[in-house]
2 protein chains.
Amino acid sequence: MSRREKTRQTGQESLRDSVLGGDLIFLLARANALTLAAANAVLAQHGLKARSYSVLALAADDARPTQRELAEFLRLDPSQVVALVDGLEKRQLIERRTDPADRRANVLVATDAGRDLFAQAQESARAVELGLLATVTPEDHERLAELLRLLAFPD
Amino acid sequence: MSRREKTRQTGQESLRDSVLGGDLIFLLARANALTLAAANAVLAQHGLKARSYSVLALAADDARPTQRELAEFLRLDPSQVVALVDGLEKRQLIERRTDPADRRANVLVATDAGRDLFAQAQESARAVELGLLATVTPEDHERLAELLRLLAFPD
DNA sequence: CATGAATCGTTGAAAATGTCAATTATTTGT
DNA sequence: ACAAATAATTGACATTTTCAACGATTCATG
């Protein structure tokens with residue numbers, strides 16, 4: 001054992017007992033960083049990231065969102081949505097259809113291949129989520145989702 | 001009212017009822033984006049961001065963390081910590097002290113000015129956190145923090 | 001106690017993300 | 001009919017992330 005670990009009163013483990021350990025904003029940031037990394041790692045098997053997975057999910061869900069709705073929902077700049085949609089469309093997973101009710105807008109629709117891929121990716125995503133919360137009761141899992149919804153959609 | 005809103009069955013409001021609305025990873029990302037933005041907005045009054053606030057918090061807390069411990073705790077690359085510490089040190093809010101037990105490492109300590117600024121910033125941060133969870137009971141607030149700790153520190 | 005392997009902070013470069021202003025096509029309000 | 005507003009796109013620019021390399025120091029092992 002190193003001299004350092006013998007002498008130091010406080011190590012990295014104790015940092016979580018500092019003020020930040022009770023700081024919701026910090027906890028949210030760290031929890032997000034870890035879960036995002038886990039999600040990206042498993043989604044990479046399907047050639048997706050959390051971002052493209054989200055776009056594909058909404059297109060496959062028959063919500064028929066416009067790019068602007070997507071941008072707002074995912075908290076992205078509209079120009080970032082262009083790039084994401086470009087990528088998925090090039091892979092023939094989704095299509096842009098000009099909204100007949102507003103020909104300025106594009107409505108996004110998943111192709112059959114897109115739906116297939118999403119179904120697979122969704123299983124992986126679910127597995128990650130369950131793995132992350134393996135130590136928690138289903139009730140607490142749902143309670144967490146409920147509370148996060150409050151933060152994510154403050155009406 | 002536009003033709004569009006009259007005809008479309010699904011708008012941006014309904015997106016949250018889609019698959020993603022139950023996706024913990026997405027909810028975390030969106031909740032994090034919103035709270036981070038709120039925190040950054042108010043911390044800007046003190047010349048801080050969430051990142052620099054976190055570094056200052058840990059330095060002011062007498063945890064005497066090394067830069068490496070900070071990097072791990074905040075999930076940052078060590079080189080990003082260098083930049084953050086540079087900024088705070090230039091403003092005389094914290095100091096680098098070479099750890100006598102390991103002369104490769106720098107231990108971070110807050111100056112008196114740093115502690116003062118942190119005390120002020122902390123009040124702002126607390127106010128933001130309470131504002132974000134204003135609609136929630138203190139018990140649920142604590143429950144949320146507890147569940148996030150599980151995700152943020154999976155031991 | 002000498003020496004090779006590992007670790008800490010730092011630098012710099014490259015890639016990915018985020019932000020913003022301008023443009024075209026279309027729609028809205030009057 | 002016409003001015004103002006909105007959707008998507010492009011391109012420029014800043015910020016953030018990621019990675020490899022380096023000098024200084026410490027560690028593990030013989």
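Below, read A as the first sequence line, B as the second, and so on, with proteins coming before strands; counting in each chain starts at 1. Computed from a prediction, not measured in an experiment: that's the story for all the values here.
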A:R96 side chain: which of D:dA7, C:dT17, D:dA8 is closest? D:dA8
How many whole angstroms separate atom CG of A:L76 from atom C1' of D:dT9? 16 Å
Per the under-4.0 Å heavy-atom filter, residues of residues 23-40 of chain B near DNA chain D come out as none
Does atom CD (A:Q92) have a neighbourhood of more than 12 heavy atoms from anything else shown, all under 6.0 Å? no
Spell out, yes or no, whether A:L34 and A:Y53 are grouped together once hydrophobic residues are joined by side-chain heavy atoms under 4.5 Å, including indirect joins. no
Looking at every strand, decide which applies to A:R75 at a 4.0 Å heavy-atom threshold: base, sugar-phosphate, or nothing. nothing
Determine whether B:R149 and B:D155 satisfy the following criterion, salt bridge (Lys or Arg N to Asp or Glu O under 4.0 Å), listing intermediate values before the conclusion. CA-CA 10 Å; B:R149 257 189 289 275; B:D155 292 341; over 6 Å; no
CD of A:E123: more than 12 outside heavy atoms within 6.0 angstrom? no
Round to the nearest Å and state the distance from A:E69 atom CD to D:dA8 atom P. 8 Å
For C:dT17 and A:K49 - does any side-chain N or O of the residue sit under 4.0 Å from the phosphate oxygens OP1/OP2? yes
Is there a path of hydrophobic side-chain contacts, each under 4.5 Å between heavy atoms of I, L, V, M, F, W or Y residues, that connects A:L70 with A:V82? no
Separation of C:dT10 P from B:R68 CZ (nearest whole Å): 11 Å
As a test of reading the structure: which of C:dT27, D:dT25, D:dT17 is closest to the side chain of A:D102, going by heavy atoms? C:dT27
Does any donor-acceptor pair link the side chain of B:R103 with the base of D:dT25 at a separation under 3.5 Å? no
Phosphate oxygens OP1/OP2 of D:dT26: is one of them under 4.0 Å from a side-chain N or O of B:R104? no
To the nearest angstrom, how far is B:L74 atom CG from D:dT17 atom C1'? 15 Å
Atom CD of A:Q67 to atom C1' of C:dA25: distance rounded to whole Å? 14 Å
Do the rings of B:F153 and A:F26 sit parallel, tilted or perpendicular, given the 30° and 60° boundaries? tilted
Residues touching DNA chain C, which here means a heavy atom under 4.0 Å, drawn from residues 77-95 of chain A: A:D77, A:S79, A:Q80
